[in-house]
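Chain A is the first sequence line, chain B the second, and so forth, proteins listed ahead of strands; every chain is numbered from 1. If you're wondering where the values come from, they're calculated on a predicted model, not measured in any experiment.
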Amino acid sequence: MPVARPEPSDSRTRIIAHVDLDCFYVQVEQRKQPELRGLPTAVVQYNEWKGGALIAVSYEARKLGVSRHMRGDDAKEVCPQIHLVQVPVARGKADLNTYRNAGSEVVSVLARKGRCERASIDEVYLDLTDSAEAMLRETPPESLESINEEARKSHILGLKSEDANDAQENVSKWLCRSDANHQDKLLACGALIVAELRMEVLKETQFTCSAGIAHNKMLAKLVSGMNKPAQQTVVPFSSVKGLLESLPIKKMKQLGGKLGTSLQTELGVNTVGDLLQFSEEKLQERFGINTGTWLWNIARGINGEEVQGRLLPKSHGAGKSFPGPRALKTIASVQHWLNQLCDELNERICCDLDQNKRIAHNFTVYASAYKSCDSESYKKFPSKSCPLRYGTAKIQEDAFNLFQAGLREYIGSHGVKTLGHHHNGWGITSLSVSASKIVPIPSGTGSITKYFHGQYTSPFSKETQDSFVKEAMPLSPSVKAIQSWNQLISCNLRIMYRLWVYKSRKEFYGKIRIHLVLQQCRQMMVLAREPPHHYPQEVDVAHL
DNA sequence: CATTTTCTTGCT
DNA sequence: AGCAAGAAA
């Protein structure tokens, strides 16, 4: 459920942009195959069954009646000329890495002009308040003798004669109005900055994008898709009311699902404007204190959510579905696919470790299943998690154990004895594995003792640590000794040894900078993490 | 049991 | 820890 956030404490007028790549996966494929530019094109996932599922459709194809939700075969039917490009496949599953990487390219361009939040593979929020204020101080729009072409094509919500011939003239005038209020002037600066950024994105990545520019995230997001492709839309403060009052409630982010439906059916609210009649108390009573306040606020165009400065994802996941007759019926097939998924996941977390110096700490296995015996009592397959260990084989081992823990629970008391029978009584329709709790490896100088106590949990038992430090360590080791120890002792002990060595060196020589060492040790400790002592167990309810 | 594969956030 | 909802290509 959405939650209300307080407005930023300094209560400055913020300038927020939401940038959205146009039919992103199609653009990525068109960059790879420029012959496809300008042609009706769509990206499909697999093509065995009815031509695969469409996940992105070019604007040319949309004009010819192709929409997402269609299968590849349907698209061919309404638009025989359409070019269908397949998502790359690796390890027997869709591989979205090219799109992730392309998204990163865009982020690195956009992140140059202010706080930047990567909201999804192809969407970014920007807080341009500082840049806009700086521009207004130094080179306000009214001082410019010409306004850049891209900015002149902006759509200004509520500006009259949006469709008149001289629309661009009107936009220029609006952007440069000297009698405008402070808020609008800042917004005009924001629009100029975003137009510039979008041109840079095009120049450096060849991708076009659309954008919304407003005073908060909600409004920016709401309008970024209003004029697509390759255009931007501005929401002056004065047009917020008019924009929202007739807007269907379901168009609002967070209200496209069940919450929006309950607003419609239970309160008879069909537009955002309809919400205005309800007091904050009434909404809190019905939807809880947090969501109630959030609803009351968005009806008034108020949204305090801050742009998080985050350029990287918070988790990595790899999954695959096994629809219809493809459902997995044997433990062996489940293990095979878990192994594929874990292999991909390991590659991605290792990449994250190398490139971004981040370590993932949590590992989760999800599955969906059906029980063919009693389709009446449909049960959710429980997800299970444990500390994450690096290395394909280790992740695979943990994944399989977690899955089996889940399966025991899923089959539950209905423990049908089907050993030796052909029919298991269950089928797995989807599997996924994910790595979360990803934290940056701390850099800079710090105390090594933190790694033993407190801030970071050591993967080694207290006894291991103590006995190693006490027995295995000679005083003041020489470089020679370090080298020979490195060859002799086991991986885990080697890490302990290194920690000790650097700690003691620090004590001996005082001024050794150890930040790189900290990084290395941290990495090695995680890479060498011992397996979990136990995997989640089913709780015996009868025993309680 | 056919859209599939991600990803985030909030509740309990 | 586990789950549900929502959103996006």
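Side-chain contact of A/Glu123 with A/His18: a donor-acceptor pair under 3.5 Å is present, judged by distance alone.
DNA chain C lies under 4.0 Å from at least one heavy atom of each of the following residues of residues 51-66 of chain A: A/Ile55, A/Ala56. Of the residues in residues 201-220 of chain A, not one comes within less than 4.0 Å of DNA chain C through any heavy atom.
Atoms CZ (A/Phe287) and P (C/dA5) sit 15 Å apart, rounded to a whole Å. The separation between A/Gln86 atom CD and B/dT4 atom P is 15 Å, rounded to whole Å. The distance between atom CG of A/Asp95 and atom P of B/dT5, rounded to the nearest whole Å, is 12 Å. For the pair A/Asn97 CG and B/dT4 P, the computed distance is 21 Å after rounding to whole Å. The distance between atom OH of A/Tyr366 and atom P of C/dC3, rounded to the nearest whole Å, is 9 Å. Spacing between atom NE2 of A/His316 and atom C1' of B/dC7 amounts to 11 Å, rounded to whole angstrom units. We find that CG of A/Leu21 is positioned 12 Å from C1' of C/dA8, with the value rounded to whole Å. Atoms CG (A/Asp73) and P (B/dA2) sit 17 Å apart, rounded to a whole Å.
Among A/Thr291, A/Leu275, A/Thr293, the single residue meeting the side chain to side chain contact (heavy atoms under 4.5 Å, CB included) criterion with A/Leu283 is A/Leu275.
Spacing between C/dA9 and B/dC1 at atom C1', rounded to whole Å, works out to 24 Å. Nucleotides C/dA7 and B/dT3, compared at atom C1', are 15 Å apart to the nearest Å.
Between A/Tyr25 and A/Tyr99, the angle of the ring planes stays under 30°, which puts this pair in the parallel group of the 30/60° scheme.
Here the nucleotide nearest the side chain of A/Asp122, chosen from B/dT3, B/dG10, C/dA8, is C/dA8. Here the nucleotide nearest the side chain of A/Lys253, chosen from C/dA7, B/dC1, B/dC7, is C/dA7. In this structure, of B/dT9, B/dT4, B/dA2, it is B/dT4 that holds the atom nearest to the side chain of A/Ser321. With C/dA1, C/dG2, C/dG6 as the candidates, the nucleotide lying closest to the side chain of A/Ser383 is C/dG2. Among the nucleotides B/dC7, B/dA2, C/dA1, the one closest to any side-chain atom of A/Trp49 is B/dA2. Closest to the A/Arg5 side chain, of the nucleotides C/dG2, B/dG10, C/dA7, is B/dG10.
A/Arg118 comes within 4.0 angstrom of nothing in the nucleic acid, heavy atoms only. Counting non-hydrogen atoms under 4.0 angstrom, A/Ala318 reaches the backbone sugars and phosphates but no base. As judged by a 4.0 angstrom heavy-atom cut-off over every strand, A/Arg68 is placed among the base-contacting residues. A/Tyr46 comes within 4.0 angstrom of the backbone, heavy atoms only, and of no base. In this structure, A/Pro2 reaches neither bases nor backbone, as no heavy-atom distance under 4.0 Å exists between it and the strands shown. Backbone-only engagement by A/Lys320 is indicated by non-hydrogen atom pairs under 4.0 Å involving sugar-phosphate atoms exclusively. A/Gln254 comes within contact range of the sugar-phosphate backbone alone, with a heavy-atom separation under 4.0 Å but no base atom that close. Residue A/Met70 is classed as having no contact, given no heavy-atom separation below 4.0 Å to the nucleic acid. Using a 4.0 Å heavy-atom distance criterion, A/Asp74 is classed as making no nucleic acid contact. Among the atoms of the strands shown, only primed sugar atoms or phosphate atoms (P, OP1, OP2) are found under 4.0 Å from some heavy atom of A/Lys437.
Around CD of A/Glu48, the count of heavy atoms belonging to other residues, nucleotides or ligands within 6.0 Å does not exceed 12.
Residue pairs meeting the ring-ring contact (aromatic ring centres under 6.0 Å, His included) criterion with at least one partner in residues 41-84 of chain A, sequence neighbours excluded, are absent.
When the ring pair (Phe, Tyr, Trp, His ring centres under 6.0 Å) test is applied to A/Trp337, the partners found at least two apart in sequence or on another chain are A/Phe322. Listed by chain and number, the residues in a side-chain hydrogen bond (donor to acceptor under 3.5 Å, both in side chains) with A/Gln81 amount to none (sequence neighbours excluded). Judged as a side-chain hydrogen bond (donor to acceptor under 3.5 Å, both in side chains), and not counting sequence neighbours, the contacts of A/Arg118 are A/Ser104.
A salt bridge does not link A/Arg14 with A/Glu305: every distance from a Lys NZ or Arg NE/NH1/NH2 to an Asp or Glu carboxylate oxygen is 4.0 Å or more.
OP1 or OP2 of C/dG2 sits under 4.0 Å from a side-chain N or O of A/Lys384.
Taking the side chain as every heavy atom from C-beta outward, A/Ile82 and A/Thr41 never approach each other to under 4.5 Å.
A donor-acceptor pair under 3.5 Å is absent between the side-chain atoms of A/Arg348 and the main chain of A/Asp343, judged by distance alone.
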